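Keep in mind the model is a prediction, meaning the values are calculated, not measured.
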Amino acid sequence: MSAPSVAVIVFPGSNCDRDIAVTLEAALGHAPQMVWHGDSSLPKVDLIAVPGGFSYGDYLRSGAMAANSPIMREVVAQAGRGVPVLGICNGFQVLTECGLLPGVLMRNASLKFICRDVDLRVERSDTVFTSGYGAGDVIRVPVAHHDGNYFTDPDTLKSLEDNGRVAFRYCAPDGAITDAANPNGSLANIAGILNETGNVLGMMPHPERLADPLLGGTDGAPMFTALAEAIAA
Amino acid sequence: MSDRAARPEDLMGLSDDEYDTILEILGRTPNFTELGIFSVMWSEHCSYKSSKFWLKTLPTEGPQVIQGPGENAGVIDIGDGLAAIFKIESHNHPSFIEPYQGAATGVGGIMRDVFTMGARPIANMNALRFGSPDHPKTRHLVDGVIAGIGGYGNCMGVPTVGGEVNFDPAYNGNILVNAMTVGIASTDKIFYSAAAGVGLPVVYVGAKTGRDGIHGATMASAEFDDDSDEKRPTVQVGDPFTEKLLLEACLELMATDAIIAIQDMGAAGLTSSSVEMASKGEVGITLTLDHVPQRETDMTPYEMMLSESQERMLMVLKPGREEMARAIFDKWELDLAVIGETNDSQRLLLMWQDEVVADIPVPPLVDAAPEYERPWTATPPRAVLGPDDVTAPDDLAEALLQLVASPDLCSRRWVWEQYDHMVMGDTVGRPGGDAALVRIHGTNKALAISTDCTPRYVVANPVEGGMQAVAESWRNVTAVGATPLAVTNNLNFGNPERPEIMGQLVGAVKGMGAACEALDAPVVSGNVSLYNETNGEAILPTPVIGCVGIIDDLTKAPGGAFIDEGDAVFVVGETAGWLGCSIYQRDQAGGTAGAPPPVDLDTERGNGEFVRTAIHAGQINACHDVSDGGIAVALAEMAIAGDLGADISHENDLPAHAWAFGEDQARYIVTCADATALTAAAKDAGVHMERIGTVGGVALTLPEAKPISVAGLRDAHSRWLPTYMASRES
């Protein structure tokens, strides 16, 4: 069979597109395709990554304008057909704005941009994104955002919890879910969530930034090696 | 002599003599637009009229230098067909008036200077000086400046990897915001501003022109008074999203062969960019201002020429490439307009509504720019203080705890966590170390970058202080194992028309020049910011140095943290217990006095080369330069960073506090596993190195002091800044 094909969506103002492409290339053994937001169709792909950055300068609301780009109709359609979609940081914001994921990312409780390593508890290991980890593992990856404060209504939160759709939570180094470990005020310390079918993941932290030992850690790497294996299978 | 009464109501900051020169050049009275153009071109900010005479004395050449001062930024060869392009620039006055936008547009401006030359920016740095923490404006200014720097750099996706933040009452009425950008380009793809050739299209790209920032360069060249808030309209408003698009569009166009010359529109906007291009290319430029993309209606030629709207570039293209360029800028949803043409007139001719609205010969506009050899008086030398002349603390451990918790020495984590310091995936050395370390993408090499200045030394002795700024930045780059290649400088001073201020500038430049010469670190770019005074109170003289170096194998770069129990701790360099002008003296013993520590450039170089060689040989586990707060503070920082203590002793005749807190130059703390080998290497190199202790345990124990737990040090170190910023009362 042919090598798996991965698309990275590039909006005006995306700025982690190269970072995720580098990490994906290391895991896949070949470079992903960079797809411009103005395109309205995607080639056959096995994984779509929506990268971090400031699409449209975060004007209006972070992710709001990008969610209406021509390419996003195609991303939504492919997600509906079961293609894995990974949205990181601004990508997560875009996925909530286009309705693939519920809830919203509000301004950080501190009202400040925050860039630092955080501890995350892996809540599930039985998804295409998290099979490289064990449930309950604590991994260390960075956040870098101004609007990462996850919020949703109580019914949706209950549904997320009941259906195991929280993929990652901010935690203390020992895995405890505490207020002190919550960098941005997110509801229930939510750092990343899945859609109902488990093929769409949105997360604020940047696993692609700690997948190279020279940069201070490799806890992000298993996500990409597991994804590469899953889509190659 | 003209009829003075016939002039516009003021001379827009020009002197009477300068105005008379304009009359000679034009042979007539300038109209309002022309006077505006002369005013900004001859402002201190654009013309360097007070400093040029002295700047010419700085060393600017070396085999590594591709482009020295005079272009948008300096360019050095870093091997493998790559160049590092960098510059530091001030945005002091705007940041004091409107901290968020002032700082943000400072960052935007310096990034444009770098990508104008064909480089992708890979790192931002800064050097910030605020007033006393007790001053009612300080908290607001810190908050706004940090948010503005982060707001712009984060959105651009260029990591802000380090810098310095200091507080002193001398900046109460005039803060300093100096921003530095480093970029990487291919050596065969560097773009310059000379518009060589006639009949070529002059093309405007980027954001539309509005009425913001009009006469910003003139504002930046004047002193402040109590009404400075009224100058807020002269501050520009930044749009980092547009600049991100401009960066990508320019780099895409630069990959083609379309561009002959390119110049960003920074200070003095369309005026300085068009005049620079014409002057360097020895051509004339005719602009039809009706074609300038405008954000507001009914803008006058004067407003268009003097607007400092951000995120704009002026280019000269090869004929026939306009449509290809337009397709690229359309893709990025940016304006592109052909607004003029080059010709052989050597005049700047401005047309508007079918009329000539300005007609100025370019060579005299540039070459007849005033240049002053202003009178200066040397700063009187201060007495040298001995180690016993500065009072000892009651409790040395307590003094150290207070110092690491002080505004100038405490952790800057609160600051750099607001900067995306990791985007682009190459930040190897994160903020908080001696120098930032940024990998050259796709290679195993890294650039090391540091910004430094110790203004309390400079005010005490400008020559030594100027030397020290270069030496410390060179030392910081060395401490991560890199070889310093070149520097950029940002000379922040008061009013040069006062001889004692001019004397500070002259002294600092002399000191810098000597150090750059001795350390093979030529000055390749820079910026001068004068008139940093409010109501006649000058800032401390602050000549900031930004140093860039390279390490060929970044895996060899040591950190500044203790890493292994049992490692031997050494001080490289001699310790004489120099407390004059030290932080200890200032904060713990009643204020700065005496002469600052002398800089011996031969020793600096020798010690640095020894440390670098030992790092490359894999002999060193941790390395940290010794600067503010001396050995004790350096050790405390290494202990905090590594979460490991050390047992320190020393045998000499110095008082314990002078040994611990003295700020003698050219020193490093290094740790290693094989003390015998490193000692032998130092002996062979003729370098003074003393064993002072061993890494281990949970406490830092200094001579004649009770042990201090590392946890206690960390708590003290991390507490002040977030607590201060969270509190409301001033």
- Message: Over 60° means perpendicular and under 30° means parallel, so tell me whether A:W36 and B:W332 are parallel, tilted or perpendicular.
- Response: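 It falls in the perpendicular class, over 60°.
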- Query: Taking all atoms of both residues into account, what is the closest heavy-atom pair of A:G13 and B:K244, and its distance?
  - Reply: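 Minimum heavy-atom separation between A:G13 and B:K244: CA-CG, 4.1 Å.
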First locate atom [atom1] of [X], then atom [atom2] of [Y], and finally report the distance between them rounded to the nearest 0.5 Å.
X: A:R116; Y: B:M422; atom1: CZ; atom2: CE; value: 12.5 Å
X: A:Y56; Y: B:F241; atom1: OH; atom2: CZ; value: 6.5 Å
X: A:L214; Y: B:N444; atom1: CG; atom2: CG; value: 6.5 Å
X: A:S110; Y: B:Q418; atom1: OG; atom2: CD; value: 7.5 Å

- Tell me, with the steps shown, if A:F113 and B:I146 meet side chain to side chain contact (heavy atoms under 4.5 Å, CB included). CA-CA 10 Å; A:F113 189 95; B:I146 304 301; over 6 Å; no
- Query: Quick one: what part of A:S14 sits under 4.5 Å from any heavy atom of chain B, side chain, backbone, both or neither?
  - Reply: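 For A:S14, the contact with chain B is made by the backbone alone.
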Chain A contact via [X] - side chain, backbone, both or neither, heavy atoms under 4.5 Å:
X: B:L247; value: neither
X: B:D143; value: side chain
X: B:E333; value: side chain

- Message: With a 4.5 Å cut-off on side-chain heavy atoms, are A:C115 and B:E417 touching?
- Response: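 Not touching, per the 4.5 Å side-chain cut-off.
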- Among the options A:D17, A:D117, A:L210, pick out the one with the most heavy-atom pairs lying under 4.5 Å from chain B.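 Of the options given, most contacts go to A:D117.
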- Query: With respect to chain B, which residue among A:C16, A:G38, A:G57 yields the maximal number of heavy-atom pairs within a distance under 4.5 Å?
  - Reply: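 Top option by heavy-atom pairs under 4.5 Å: A:G57.
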- Test side chain to side chain contact (heavy atoms under 4.5 Å, CB included) on A:V22 and B:H441 and set out the steps. CA-CA 10 Å; A:V22 166; B:H441 195 66; 3.8 Å; yes
- Message: Under a 4.5 Å cutoff for heavy-atom pairs, which residue among B:C155, B:G429, B:G442 has the most contacts with chain A?
- Response: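 Result: the option with the highest number of such pairs is B:C155.
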- Most chain A-contacting option - heavy-atom pairs closer than 4.5 Å, from B:T427, B:L437, B:D239: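 The answer is B:D239.
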